[in-house]
Amino acid sequence: MSRNENFSYTIDNIDKKTGARAGTLHTPHGDIKTPIFMPVGTNSTVKLVTNQHLYETGAQIILANSYHLYLRAGTKRIRNFGGIHGWMNWNKPVLTDSGGFQVFSLSHMRKITEEGVEFRDIKDGKKHFISPEISMEIQQDIGADIIMAFDECCPYPCDYETAKKSMERTHRWLERCIKAKTNPMQALFPICQGAFFDDLRKESAEYVSNIDAVGYAIGGVSVGEPPEMKNHLVEYTAPLLPHNKPRYLMGVGTPEDLLDGILRGVDMFDCVLPTRNARHGSFFTYKGKCQIKNAQYQDDPSPLDENCNCYTCKNHTKAYLRHLYKCEEGTGQALMSIHNIQFLIDFSQKAREAILNNEFEEFYNRMYPCFK
RNA sequence: GCGCUAGUCGUCAAGCGGUUAAGACCUCGGAUUGUGGUUCCGAUAUGCAUGGGUUCGAAUCCCAUCUAGCGCC
């Protein structure tokens with residue numbers, strides 16, 4: 001892969017005590033201040049949240065999902081509407097998942113071969129096939145700023161031989177992705193795999209590091225492993241990736257995951273949790289995670305979090321939000337999605353401020369107990 | 001006033017002599033990690049209108065009382 005002039009990453013500071021990183025990733029649709037939490041908008045919308053509200057949360061980049069958009073909107077259609085930015089009228093950076101994760105998460109209806117993956121549509125049962133080349137075509141039609149390599153994600157637990165074979169195939173698929181990718185306005189992030197085996201992770205990290213990419217991802221986490229394993233894996237793997245490039249820990253996470261990841265040198269995170277949790281009634285605060293449906297909130301005149309200045313917290317009380325949930329009014333879910341998204345983005349940006357001031361250790365120690 | 005019918009969790013109910021008194025909703029908790037999720041999991045009746053009786057055994061049968069609905073004077 002030749003050097004991509006449309007993207008660059010600047011390290012703004014490295015926390016003196018912890019080594020946590022603050023940086024700026026320049027993309028064709030604007031800058032991303034890291035560490036950053038990226039909200040997930042699988043079907044080219046962050047569920048229940050309008051673009052206007054999303055801009056207000058401070059979202060700097062959102063995700064969309066190749067697998068879902070390929071099946072539903074049709075990626076040629078999206079291309080004809082000016083790509084994802086025109087299609088959903090979103091003017092900031094976008095990242096697309098390759099569909100690789102669905103190979104894992106929808107595993108009971110797929111067949112993996114060296115060529116690619118055959119699977120059935122969740123909804124209509126129709127057969128489809130995605131290969132690294134097809135994934136690149138899909139992602140180039142969608143036109144996100146950052147696109148992901150088509151990888152294979154191992155389940156947890158997973159035996160060594162399976163993990164090794166899977167990792168090697170992911171590497172071969174990566175080479176095919178690189179060959180198939182042509183649009184210089186997009187950055188392809190390779191993904192480090194290797195399950196929970198140090199030597200495989202080392203091999204994979206070294207393999208992907210040999211490719212001159214704009215950024216690198218750590219995949220295969222948040223698949224049901226204990227938190228200590230994830231922390232060990234990240235602590236072991238992140239330093240093996242290029243120091244001067246952003247590192248993206250895929251599918252993570254909770255506020256404590258963000259703290260743990262940032263501490264170990266991760267710059268980018270994404271997770272469905274804030275929006276899914278919001279839909280199911282739980283919300284993040286600087287005092288921990290809470291459930292809006294709890295009876296204790298029925299007369300509570302305070303916002304979800306006293307220190308949050310999201311749209312929801314500026315305008316509504318817990319009592320009102322609880323009422324909306326009790327009545328199954330979707331507005332409640334929408335309002336709380338806004339809050340949870342802004343919470344994690346604010347949280348990542350507070351971490352950034354702390355890093356810029358070389359105070360990340362204090363920030364970590366202050367925040368961590370809140371989420372345990 | 002008389003007759004008939006019925007009373008089981010906050011609600012709707014199953015049960016019709018031997019059950020640990022189903023289930024649903026509500027209520028109360030909890031889960032959720034590159035989104036098959038308005039989803040999933042758990043908790044909640046020592047008690048069947050009340051009081052007697054029959055029986056080895058009663059929410060289930062009998063009697064009385066109360067309450068409700070319907071009908072008739």
Side-chain angles (χ1 to χ4, degrees), chain A residues 37-49 61-69 71-72 95-110 119-125 135 139 144 146-154 156 170 189 191-193 216-227 229-231 234 248-258 260-261 266 268-284 289-298 322 324-334 336-337 340-341 344 371:
Chain A
F37 176 80
M38 308 182 284
V40 178
T42 303
N43 290 305
S44 62
T45 176
V46 175
K47 289 187 196 293
L48 305 180
V49 182
I61 173 172
I62 60 172
L63 262 71
N65 194 290
S66 299
Y67 173 89
H68 297 264
L69 292 177
L71 290 179
R72 228 51 64 182
L95 181 154
T96 43
D97 194 5
S98 66
F101 186 70
Q102 276 63 40
V103 173
F104 162 72
S105 67
L106 306 176
S107 62
H108 52 287
M109 47 202 311
R110 58 91 176 97
F119 61 93
R120 286 181 184 277
D121 187 335
I122 293 155
K123 296 205 169 142
D124 65 14
S135 176
Q139 292 192 76
I146 297 170
I147 65 178
M148 300 306 298
F150 188 69
D151 66 335
E152 188 187 345
C153 184
C154 290
Y156 175 83
T170 290
F189 279 30
I191 303 173
C192 168
Q193 288 289 353
Y216 302 82
I218 299 171
V221 298
S222 283
V223 288
E225 75 282 2
M229 280 187 93
K230 172 161 53 197
N231 284 336
V234 173
Y248 164 28
L249 184 59
M250 304 185 78
V252 173
T254 63
E256 67 262 45
D257 283 340
L258 262 58
D260 279 328
V266 174
M268 301 164 74
F269 303 85
D270 82 279
C271 192
V272 303
L273 222 50
T275 43
R276 180 182 289 170
N277 278 0
R279 272 176 280 126
H280 296 169
S282 60
F283 61 99
F284 297 120
K289 196 188 73 175
C290 309
Q291 316 241 15
I292 195 63
K293 282 185 279 194
N294 287 5
Q296 65 182 115
Y297 300 129
Q298 57 194 342
R322 179 177 190 272
L324 294 183
Y325 271 83
K326 285 306 203 178
C327 297
E328 295 181 50
E329 288 291 345
T331 307
Q333 299 177 315
M336 220 141 81
S337 296
N340 279 351
I341 288 167
L344 284 182
F371 301 104

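Protein chains get the first letters and strands the later ones, always in sequence-line order, with residue 1 at the start of each.
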(Q) The side chain of A/Glu328 is closest to which nucleotide in this list: B/rU38, B/rU33, B/rG34? (A)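 Within the option list, the nearest is B/rU38.
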
Q) Counting side-chain heavy atoms from CB outward, which of B/rG30, B/rG34, B/rU35 is closest to A/Gln291? A) B/rG30

(Q) Using a heavy-atom cut-off of 4.0 Å across all strands, would you classify A/Lys326 as base, sugar-phosphate, or nothing? (A)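 It contacts sugar-phosphate atoms only.
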
Q. What integer number of Å spans the C1' atoms of B/rG51 and B/rA59?
A. 16 Å

Q: Mark this stacking check for A/His280 against B/rU38 as yes or no, applying ring centres under 5.5 Å and ring planes under 30°.
A: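 No, aromatic ring not over the base.
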
Q.
Taking the basic N atoms (NZ, or NE/NH1/NH2) and the acidic carboxylate oxygens, is any pair closer than 4.0 Å for A/Lys230 and A/Asp260?
A.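 Salt bridge flag = no for A/Asp260 with A/Lys230.
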
(Q) Can you see whether A/Thr331 engages A/Glu329 through a side-chain donor-acceptor pair at a distance of less than 3.5 angstrom? (A) no

(Q) Is the ring pair A/Phe119/A/Tyr67 parallel, tilted or perpendicular, if the boundaries are 30 and 60 degrees? (A)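 It falls in the tilted class, 30° to 60°.
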
Q.
Which nucleotide wins on minimum distance to the side chain of A/Phe101, given the candidates B/rC28, B/rA31, B/rG34?
A. B/rG34

Q) Can you check whether A/Arg276 has a side-chain N or O nearer than 4.0 Å to OP1 or OP2 of B/rU32? A) no

Q) Given the C1' atoms of B/rG47 and B/rU60, what is the spacing between them in whole Å? A) 14 Å

Q: Mind checking A/Gly100 for me? I need base, sugar-phosphate or nothing, with any heavy atom below 4.0 Å counting as a touch.
A: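 No contact.
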
Q) Between B/rU33, B/rU35, B/rG29, which one does the side chain of A/His68 approach most closely? A) B/rU35

Q. Picking from B/rC28, B/rU32, B/rU33, which would you name as closest to the side chain of A/Ser282?
A. B/rU32

Q: Measure the CG-OG distance between A/Leu273 and A/Ser282 for me, rounded to the nearest 0.5 Å.
A: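 Reported value, rounded in 0.5 Å steps: 7.5 Å.
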
Q) Taking a pair as Watson-Crick or G-U wobble with both distances under 3.5 Å, which nucleotide is matched to B/rG34? A)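 None - no nucleotide pairs with B/rG34, as no candidate has both distances under 3.5 Å.
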
Q.
With rounding to the closest Å, how many angstrom separate the C1' atoms on B/rC40 and B/rC61?
A. 45 Å

Q.
If you assign A/Gln333 and A/Gly251 each to the RNA chain B nucleotide with the nearest heavy atom, which residue ends up on the more 5' nucleotide?
A. A/Gly251

Q: Select one nucleotide: of B/rU27, B/rG34, B/rU35, the one nearest the side-chain heavy atoms of A/Asn65.
A: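 Per side-chain heavy atoms of A/Asn65, the pick is B/rU35.
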
**Q.** Distance test, side-chain N/O of A/Asn294 to OP1/OP2 of B/rC28, below 4.0 Å
**A.** no

